[in-house]
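A quick write-up on the structure given underneath.
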There are 2 protein chains.
Amino acid sequence: MTTWLTDEERVAWVRLAAVLELLPGVLDTQLRRDADLSHFEYFVLAMLSEAPERTLRMTSLAARTNATLPRLSHVVRRLEDRGLVRRFPCPQDGRATNAQLTESGWATVEAAAPGHVANVRHQVIDALDAEQVRQLAGITEAILGRIDPDGVVMAPQRN
Amino acid sequence: MTTWLTDEERVAWVRLAAVLELLPGVLDTQLRRDADLSHFEYFVLAMLSEAPERTLRMTSLAARTNATLPRLSHVVRRLEDRGLVRRFPCPQDGRATNAQLTESGWATVEAAAPGHVANVRHQVIDALDAEQVRQLAGITEAILGRIDPDGVVMAPQRN
DNA sequence: GCCTGTTGGTTGAAGCTACAAGTAAGACCG
DNA sequence: CGGTCTTACTTGTAGCTTCAACCAACAGGC
């Protein structure tokens with residue numbers, strides 16, 4: 001037996017689905033235009049820029065960016081070809097690879113960040129009042145509790 | 001000058017970004033497994049199933065599904081290859097193409113819908129209380145006001 | 001030291017989306 | 001009518017993601 005959605009639930013879902021469909025494109029377009037990066041590439045560089053030594057192991061980087069390992073491997077290879085990232089084997093574990101932000105990569109993130117933040121603010125945050133921002137944090141936390149039960153994304157990052 | 005995000009804003013944004021990254025995959029996986037459809041393909045079939053005569057012009061269908069025309073053209077061709085949709089030139093306008101759901105396509109949507117709705121309910125709606133569902137409708141409405149100013153998605157569909 | 005299994009990562013092929021270009025029909029105008 | 005513009009699609013190509021192998025390095029038992 002199927003429990004259908006009530007009118008209120010349906011409205012909320014249809015709109016959320018529309019946001020899911022449209023927002024990534026809006027974010028990608030600005031970053032692609034201003035920094036020649038996809039949102040995911042930007043996020044990879046941003047995670048590296050916040051890490052100690054600007055270095056992370058591929059597995060750890062994949063966890064923080066919600067990526068599969070193959071996806072990350074392809075993306076980092078392309079970023080490496082562009083000179084934004086450097087890869088080298090991990091001294092402690094011969095299986096592991098470290099990815100490190102280069103000077104050029106750091107400069108790229110620094111240059112891209114203000115525009116990206118301004119875009120997020122303009123498209124999302126400024127559309128909401130302070131109360132809604134708090135509500136959004138609660139709602140997304142609840143949803144992530146379902147779709148990311150291990151808390152890979154939200155967990156206090158170790159390593 | 002850049003206005004950075006406050007802590008509350010940053011938390012809300014990071015979580016929303018995570019939902020944006022993870023939720024589409026969760027929805028796709030279930031539909032792919034149970035009905036061999038992507039979420040977008042399912043949505044195309046669903047829009048057709050609700051239209052009069054189960055028929056829509058490509059342009060109208062593209063608007064309802066938030067797709068570019070090239071993307072829709074490719075997807076409908078694949079659905080046509082699978083016998084779920086039929087295309088024929090519009091009698092009123094020689095430039096236009098009508099897409100119509102076949103019997104097989106209708107059966108496919110009917111079969112897929114309950115599982116999909118159950119998945120949406122399980123992953124999203126049931127994670128929230130009634131108050132949060134209302135809040136989510138308001139929040140997504142506000143965001144769509146920014147990223148979809150023409151209301152293409154939300155407008156009462158004409159035609 | 002081997003064997004087995006696990007972990008960490010890379011690679012190649014397949015499929016989907018976006019962008020750019022092209023086609024064809026309608027609309028407007030003299 | 002002829003010319004030009006717009007609309008409605010389709011098609012081809014490039015780039016990214018996914019999936020399925022694959023390989024190398026570690027770890028534990030014997």
Side-chain angles (χ1 to χ4, degrees), chain A residues 20-33 36-45 55-82 85-100 152 159, chain B residues 20-33 36-45 55-82 85-100 152 159:
Chain A
L20 247 41
E21 187 76 29
L22 292 175
L23 192 47
V26 169
L27 298 175
D28 265 0
T29 300
Q30 178 267 330
L31 278 167
R32 176 69 63 193
R33 174 168 43 81
D36 196 29
L37 292 170
S38 70
H39 182 256
F40 181 70
E41 289 171 333
Y42 170 82
F43 202 70
V44 166
L45 298 182
T55 303
L56 284 173
R57 286 174 51 164
M58 291 294 281
T59 301
S60 175
L61 186 53
R64 290 176 203 221
T65 57
N66 271 323
T68 59
L69 223 29
R71 179 186 184 188
L72 183 65
S73 183
H74 286 303
V75 168
V76 169
R77 177 176 44 71
R78 288 190 291 265
L79 292 174
E80 193 172 28
D81 291 344
R82 293 168 62 179
V85 165
R86 172 170 42 241
R87 272 188 295 190
F88 58 93
C90 176
Q92 284 80 35
D93 185 338
R95 296 167 298 180
T97 303
N98 282 331
Q100 181 175 38
V152 179
N159 190 0
Chain B
L20 248 40
E21 187 76 29
L22 293 175
L23 192 46
V26 170
L27 298 176
D28 264 1
T29 299
Q30 179 267 329
L31 278 168
R32 176 68 64 194
R33 174 168 45 80
D36 195 29
L37 292 170
S38 69
H39 182 257
F40 181 71
E41 290 171 333
Y42 169 81
F43 202 69
V44 167
L45 298 182
T55 303
L56 283 174
R57 286 174 51 164
M58 292 293 281
T59 302
S60 174
L61 186 53
R64 291 176 202 221
T65 56
N66 270 324
T68 59
L69 223 28
R71 178 185 184 187
L72 183 65
S73 182
H74 285 304
V75 169
V76 169
R77 177 177 44 71
R78 289 190 289 264
L79 292 174
E80 193 172 29
D81 291 343
R82 292 168 63 180
V85 165
R86 171 170 43 241
R87 271 188 297 188
F88 58 94
C90 174
Q92 285 78 35
D93 185 338
R95 298 168 298 180
T97 303
N98 282 331
Q100 180 176 37
V152 178
N159 192 358

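So you know, we letter chains A, B, ... as the sequences are listed, proteins then strands, and number each from 1.
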Please state how far atom [atom1] in [X] lies from atom [atom2] in [N], giving the value in whole angstrom units.
| X | N | atom1 | atom2 | answer |
| --- | --- | --- | --- | --- |
| B:Leu72 | D:dA8 | CG | C1' | 12 Å |
| A:Leu79 | C:dT10 | CG | C1' | 16 Å |
| B:Phe40 | C:dT17 | CZ | C1' | 10 Å |
| B:Leu31 | C:dC16 | CG | P | 14 Å |
| B:Glu21 | D:dT18 | CD | C1' | 13 Å |
| B:His39 | D:dT18 | NE2 | C1' | 19 Å |
| B:Arg87 | D:dA8 | CZ | C1' | 13 Å |
| B:Arg32 | C:dA14 | CZ | P | 16 Å |

Counting only N and O atoms by type, is there a donor-acceptor contact under 3.5 Å from the side chain of [X] to the main-chain atoms of [Y]?
| X | Y | result |
| --- | --- | --- |
| B:Thr29 | B:Gly25 | yes |
| B:Asp28 | B:Ser38 | no |
| B:Glu80 | B:Arg87 | yes |

Do you know the tightest heavy-atom contact between [X] and [Y]?
| X | Y | value |
| --- | --- | --- |
| B:Pro91 | B:Asn98 | CD-ND2, 4.1 Å |
| A:Glu41 | A:Val75 | CG-CG1, 4.0 Å |
| B:Leu31 | B:His39 | CD1-CA, 3.7 Å |

Using a cut-off of 4.0 Å on non-hydrogen atoms, how would the nucleic acid contact of B:Ser73 be classed: base, sugar-phosphate, or nothing?
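Result for B:Ser73 = base.
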Phosphate OP1/OP2 of D:dA14: any A:Arg78 side-chain N/O under 4.0 Å
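So the side chain of A:Arg78 is outside the cut-off, no N or O lying under 4.0 Å from OP1 or OP2 of D:dA14.
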Are B:Arg77 and D:dT10 close enough that a side-chain N or O sits under 4.0 Å from OP1 or OP2?
no
Polar atoms only, N or O, under 3.5 Å: list the protein pairs with nucleotides 18-26 of chain C and their distances.
residue: C:dA18; atom: N6; partner: B:His74; partner atom: NE2; Å: 3.4
residue: C:dG26; atom: OP1; partner: B:Gly94; partner atom: N; Å: 3.0

Are the side chains of B:Arg71 and B:Phe40 in touch, meaning some heavy atoms are under 4.5 Å apart?
yes
For the side chain of B:Thr97, starting at C-beta, report the closest nucleotide among D:dT10, D:dA8, C:dT10.
D:dT10
